[in-house]
Asks: 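I have a structure here, written as structure tokens, and I will follow up with some questions on it.
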Amino acid sequence: METEAYRGPEDLAAHSSRGRTARSAVMFGPPGFLYVYLIYGLHHCLNVVAGPGEKPEAVLIRALELDEGLDLARARRGAAAAAHRLASGPGNVGRALGVDRRHNGLDLLAGPVRIEPVARWPRVARGPRVGVGYAGPWAARPMRFWIADDPHVSRR
DNA sequence: TGGAAGATCGGCT
DNA sequence: GCCGATCTTCCAA
């Protein structure tokens, strides 16, 4: 429901902009793999490695609509979350899916996670990414995408 | 080897 | 709106 694009290595907001490190190594590989990192010592953020060939690009998943069997409501103890079955914010996405750094480098073509094209695209809105004020000219670029008119994306 | 900052979240004022 | 939690990562020295 909400994503952000990170277009390394030139994108100063991307972890891959400082070259290949132990953390960002998976982004320098082929697309279709998970890139998971720990932020603020607390939250696991989930990315899909994208980009052609060696280009270290990734898509951060910032919000999900949850399917049956994922009880985010219990985790958050919030009535709103229960009603919408929503994981809003990258940290909550990681928590809702039970993803942590052990899943870094997971092959999305091998399962159990699968990404499929949608039958019909909803209207998509775009704007600046969240929390990347340090990235100079890249901070203002409209590289955050969310389903338009849906009130459940992470705001700010 | 040390230290500062971080692609955040939720609770409290 | 502000603040604390919590610890990895990366760069400088």
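Just so we're on the same page: letters track the sequence lines, and every chain starts at 1. Only a predicted model underlies this, so the values are computations on that prediction, with no experimental measurement involved.
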Asks: Establish, for the pair A:R129 and A:Y6, whether the NZ or CZ atom is under 6.0 angstrom from the six-membered ring centre and no further than 45 degrees off its axis.
Replies: yes
Asks: Taking the side chain of A:N92 as its heavy atoms from C-beta onward, which of C:dA5, B:dG10, C:dT8 lies nearest to it?
Replies: B:dG10
Asks: Are the side chains of A:L34 and A:L46 in contact, using a 4.5 Å heavy-atom criterion?
Replies: yes
Asks: Nearest whole angstrom, please: distance from the P of C:dC3 to the CG of A:L42.
Replies: 18 Å
Asks: Between the protein and nucleotides 4-7 of chain B, which nitrogen or oxygen pairs are less than 3.5 angstrom apart?
Replies:
| residue | atom | partner | partner atom | Å |
| --- | --- | --- | --- | --- |
| B:dA7 | OP1 | A:H15 | NE2 | 2.7 |
| B:dA7 | OP2 | A:Y134 | OH | 2.4 |
| B:dA7 | N9 | A:Y37 | OH | 3.2 |
| B:dA7 | N7 | A:A13 | O | 3.3 |
| B:dA7 | N7 | A:H15 | NE2 | 2.9 |
| B:dA7 | N1 | A:N47 | OD1 | 2.6 |
| B:dA7 | N3 | A:Y37 | OH | 3.0 |

Asks: Are the side chains of A:R123 and A:D149 in touch, meaning some heavy atoms are under 4.5 Å apart?
Replies: yes
Asks: Would A:N92 and A:R95 satisfy side chain to side chain donor-acceptor pair (under 3.5 Å), going step by step from the backbone distance to the final call?
Replies: CA-CA 5 Å; A:N92 288 327; A:R95 184 172 52 158; 2.9 Å; yes
Asks: Is the cationic atom of A:R144 (NZ for Lys, CZ for Arg) positioned less than 6.0 Å from the six-membered ring centroid of A:W146 and within 45 degrees of its normal?
Replies: yes
Asks: Under 3.5 Å, side chain of A:S16 to main-chain N/O of A:P9, donor-acceptor pair present?
Replies: no
Asks: Is the distance between the ring centroids of A:F33 and A:Y35 less than 6.0 Å?
Replies: no
Asks: Could you tell me how far apart A:D100 (CG) and C:dT8 (C1') are, to the nearest whole angstrom?
Replies: 14 Å
Asks: Represent DNA chain C in dot-bracket notation, 5' to 3'. Only Watson-Crick or G-U wobble pairs with both distances under 3.5 Å count; pseudoknot-style crossings use [ ] and interstrand partners use |.
Replies: |||||.||||||.
Asks: Specify the separation, in whole Å, of atom CG of A:N104 and atom C1' of C:dT8.
Replies: 13 Å
